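Just so it is clear, the structure is predicted and the values come from calculations on it, not from any experiment. Counting starts at 1 for both ligands and their atoms, following the listed order.
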Amino acid sequence: MRIWLWFLGAAAALSVLAALTAPASTGALNLVLLALFVGAAGAALIRRRPEPRAGWWLMFSGVAASAASTYLLALVPHAPEELGAGYFLCYPLTAAGLWLVAKRLRPWSSTRILDTGIVLIGIAQLNWIFVLYPLLHRSGLEPVHAWSVSLIAVCDLVTIALLLRFAMAVRRSPVALLLLASIGVMVSSDAFYIVKYVAGRGTAVISSFSAVGWLVWTLLFAAAALHPDAEGALRRARRSGADYGTPIGAFIALALLGPGLLVADLVLRRGVDPWRHALVPAVLTGALMVSMVLRLGRALQDRTNLQQELAFRAQHDVLTGLANRELFRTSLQGELDAHREIGLLIIDLDGFKDVNDTLGHPAGDELLLTAAERLRATADAASLLARLGGDEFAVICPPDQLDDIAAALVRELALPYRVAGREQRISASIGVYSGHPVTTGDALQSADIALYAAKEAGRNRAVRYHPALREAHVAHTVLADQLRAAVEAGVGFAMHYQPVVDVPTGRVTAVEALLRFTTPDGIAVSPAVFVPVAEETGLIGKLGSWVLEQSCADAKAWHDEHGISVTVNVSGRQLRNPHFADEVLAVLKRTGLPGAALVLEITETVLVTASLEETAEVSRRLARLRAFGIRIAIDDFGTGYSSLAYLRTLPLDVLKIDRAFVHRIEERQDQALFRAVVELARSMYLTPVAEGVETPGQAAVLRSLDCALAQGFLFARPMPAPALAEFLQQEQVAVAA
Ligand code: C2E
Ligand code: MG
Ligand code: MG
């Protein structure tokens, strides 16, 4: 940018100097500068290759052709006038370049052709009145000069029309403005030259003003080509959005200007033959009228199209083109009014929010587009497809096809998606409803309840609405409300602790902290029920912090006295919080519990729905905590499906084998499986812990398999802190005895 500004400044200063010192185009400084600018522009085009390349090169050829003529006329002694051919060549070249550039920005359409035509005719009228007619009808001019000046005037006419077309197509940017200015200066210099010729005594000598004008044209062109932004400037300058409006005022002015000036001219110059003078403008005015009628017709058509577009947008989703909520509701209402049985699907993409959050909104949009395409391809033409917002879609279809379409959609939507250049897996849950609802709201609510049940049942499936689901749904909502109130008031929650024992010695090595919740009516709700609700509602954040603080505070004394650790369950949502590690470290500091006495338990299901980035983030967070001696356990191992992958990617210390493996451990087959898991844990330097040990028989097998650590009702049930303190005391006595 710096160099470019220097070039522009120095060159402009030198050009002014050239204008002052050399009276005509043949001045030495003028010639040197011309060579410099043409050379710079050419070098810039070769190096930068701005787009569209043909357009730039054509405009450059125009500049170069004009410069070549200047050189030939200045340097060749007694140069014949034919050497000035380059001055004429520069117009078709420049015009063709402008044409290409403008076309690249905005392809021609009948509207744009008409607009350009109207401008062209309007300028042609002025041209006729002020230049061509006087030139052709004045005596005493050398015919060759008169004709060549007329030709230049016509060439300028076309160039101006194309320049305006370019100006209308381009958005304001330095490069576009420089190009506009450069060709504008060129045309203005011509105009000056022509006017001077017409008014003057018939000399074809180029004035120094015009000579400097052409120099500045070359300079500005070189500046545009050299601009640091030149490569993509015109590509980026492409105007977006709808066509520019109809400049009706400008058209009317143009239409009136020609005839008006003509009349004035006829009145003022009474000497000339009025009929021959008026013939050409009359024809032009006729052409102008026809063009304007056509153009206004197009404007009306454009308006109708716009209205249709607006009407479409009012009823459709802009991103996917599917029906929007409004159209969906009216269609559903239409079905109700016609007393037809309604078939309705509500579709929600599972884990879409994570894609949006981790890969960004453009990637999310891409995924939604693909999902919408699959929806179109799967549901038949008789269905109405709608996007209700976010990642929620709906289908209204014939009730007899409802289940088939739902099943096909579950299958299709679960196929891998290509998003942001990589493969992404996501599934869909679908609520299915058919019947004769009283209102559209009833139908929607029923389908929503079924959708909720599909999510609850593990996602990636369709569930049909059933009245029993409604009760479950109500219960769920009540529980969510109770939890929210309890978290706010800080009541209803308590921690229980269940010992983890070393089977051969019977010693307690750790306790697992388990959260308990009692509703205001005194009903104890299982964490297996309320923890997922707390996760869904976001309450787990606050609740989890309390659990951590309470557990570490309780465990401090037990650790000091008995050397045992505490293991705390952590939910996925907590792990995904960027401040999680800081929070854990702060709790340790406050409670005085050493890091080595804390184990964090995470379930693998937490990670299955996460993206790769998220898993990496979580791994980093856990690794940081491990540096403080905190251990990480994977909970309920064996219940997820991608367990082994996570064992490798996550920094882990402990592997808690789910009680489903322990339950029938006394049978031979299950025993083999259990042993395989224990060996796997050992091979990865993880400490295995068996969960849910209920019988002495199971404990005996564990001992034989060398899985020392276990937890279960056989040893102790979860109990409140005072009970546990007593339990530890007694255990010590027993061991001592
Ligand atoms: P978990 O982490 O696998 O906890 C072990 C569960 O197994 C506990 O159920 C415990 O009472 C039960 N259990 C222990 N021994 C036996 C046995 O011998 N037989 C049987 N049948 N069950 C046994 P609980 O307390 O109902 O907790 C259920 C789940 O709720 C926990 O599974 C854990 O995933 C979650 N949870 C509990 N507290 C918290 C918490 O503070 N935060 C989070 N995020 N989740 C928690
Ligand atoms: Mg646990
Ligand atoms: Mg468990």
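Salt bridge present: Lys656 and Glu512 bring a charged side-chain N and a carboxylate O closer than 4.0 Å. Comment: Arg682 does not engage Glu679 in a salt bridge, judged by the lack of any side-chain N to carboxylate O separation of less than 4.0 angstrom. Ionic pairing of Arg425 and Asp350 is not present here: no N-O contact between side-chain nitrogen and carboxylate oxygen is shorter than 4.0 angstrom. Using a 4.0 Å cut-off between charged side-chain N and carboxylate O, Arg484 and Glu488 make no salt bridge. The pair Asp653-Arg631 does not meet the salt-bridge criterion, since no charged nitrogen lies less than 4.0 angstrom from a carboxylate oxygen.
Restricting Asp635 to its N, O or S atoms, the one at the least distance from the Mg ion (ligand 3) is OD1. Considering just the N/O/S atoms of Glu601, the one nearest the Mg ion (ligand 2) carries the name OE1. Taking the N/O/S atoms of Asp636 in turn, the shortest distance to the Mg ion (ligand 3) belongs to OD1. Looking at Glu691 and the Mg ion (ligand 3) together, the shortest N, O or S contact belongs to OE2.
Residue Glu601 touches ligand 1 through its side chain alone, judged by heavy-atom distances below 4.0 Å. Of the heavy atoms in Arg659, only side-chain atoms (C-beta onward) come closer than 4.0 Å to ligand 1. In Asp636, the part holding a heavy atom less than 4.0 Å from any atom of ligand 1 is the side chain. Residue-level proximity to ligand 1 for Arg516 is carried by the side chain, the only part with a heavy atom below 4.0 angstrom. Residue contacts with ligand 1 for Leu514 involve both N, CA, C or O and side-chain atoms from C-beta outward (heavy atoms, distance under 4.0 Å).
Atom numbering of ligand 1 starts at 1 in the shown order; those under 4.0 Å from a heavy atom of Gly712 are 15 (N), 18 (O). The contact set between ligand 1 and Pro718, taken as ligand atoms under 4.0 Å from a residue heavy atom, comprises 11 (O). Remark: ligand 1 atoms within the under-4.0 Å shell around heavy atoms of Glu694 are 17 (C), 18 (O), 19 (N), 20 (C), 21 (N). Applying the 4.0 Å criterion to heavy atoms of Val547 picks out, from ligand 1, the atoms 41 (O).
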For this session: For the pair Arg376 and Glu373, evaluate salt bridge (Lys or Arg N to Asp or Glu O under 4.0 Å) and give the outcome as yes or no after the intermediate values.
Result: CA-CA 5 Å; Arg376 277 201 190 91; Glu373 266 164 40; over 6 Å; no
Exercise. Would His476 and Glu536 count as a side chain to side chain contact (heavy atoms under 4.5 Å, CB included) if you check the C-alpha gap in whole Å, the side-chain angles of each, and the deciding distance to 0.1 Å?
Worked result: CA-CA 11 Å; His476 175 272; Glu536 228 171 84; 3.4 Å; yes
Problem set entry | side chain to side chain donor-acceptor pair (under 3.5 Å) assessment of Ser427 paired with Arg461 | CA-CA 8 Å; Ser427 59; Arg461 69 194 68 214; over 6 Å; no
For this session: Kindly indicate, with the supporting measurements, whether the criterion side chain to side chain contact (heavy atoms under 4.5 Å, CB included) is fulfilled by Met719 and Val511.
Result: CA-CA 10 Å; Met719 57 193 108; Val511 289; over 6 Å; no
Exercise. When you look at Arg675 and Asp706, which way does the salt bridge (Lys or Arg N to Asp or Glu O under 4.0 Å) test go after all the steps?
Worked result: CA-CA 9 Å; Arg675 178 185 298 143; Asp706 212 14; over 6 Å; no
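For His496, the NE2 atom is densely surrounded, since the number of other residues' heavy atoms within 6.0 Å is greater than 12.
A cation-pi arrangement is present between Arg374 and Tyr417, with the terminal nitrogen or guanidinium carbon under 6.0 Å from the aromatic centre and inside a 45° cone about the axis. Both tests do not hold together for Arg325 against Phe328: distance to the six-membered ring centre under 6.0 Å, angle to the ring axis within 45°.
When distances to the Mg ion (ligand 2) are checked against a cut-off of 2.8 Å, Glu512 contributes an N, O or S atom below that limit. When distances to the Mg ion (ligand 2) are checked against a cut-off of 2.8 Å, Thr567 contributes no N, O or S atom below that limit.
With distances taken over non-hydrogen atoms, the option nearest atom 24 (P) of ligand 1 out of Ser571, Pro527, Ala524 is Pro527. Considering only non-hydrogen atoms, atom 23 (C) of ligand 1 lies nearest to Phe713 out of Phe530, Phe493, Phe713. Among Glu691, Glu512, Gln498, Gln550, the residue whose heavy atom sits closest to atom 15 (N) of ligand 1 is Gln498. Nearest-residue assignment for atom 1 (P) of ligand 1 (options Val529, Val662, Leu714, Asp635; heavy-atom criterion): Asp635.
Using a 4.0 Å threshold on non-hydrogen atoms, atom 9 (O) of ligand 1 does not count as touching the protein. Using a 4.0 Å threshold on non-hydrogen atoms, atom 3 (O) of ligand 1 counts as touching the protein.
Classified by interplanar angle (parallel below 30°, tilted 30° to 60°, perpendicular above 60°), the ring pair Trp558/Tyr497 is perpendicular.
Atom 43 (C) of ligand 1 has its closest protein heavy atom at Asn569 CB, 3.5 Å. Shortest contact from atom 38 (N) of ligand 1 to any protein heavy atom: Leu515 N, 3.0 Å.
Two residues are said to be in side-chain contact when any heavy atoms from C-beta on lie closer than 4.5 Å; Asp391 and Ile426 fail this criterion.
Taking 4.0 Å as the cut-off, Lys656 does not count as a neighbour of ligand 1 on heavy-atom distance. Residue contact check for ligand 1: Gln711 places no non-hydrogen atom closer than 4.0 Å to it.
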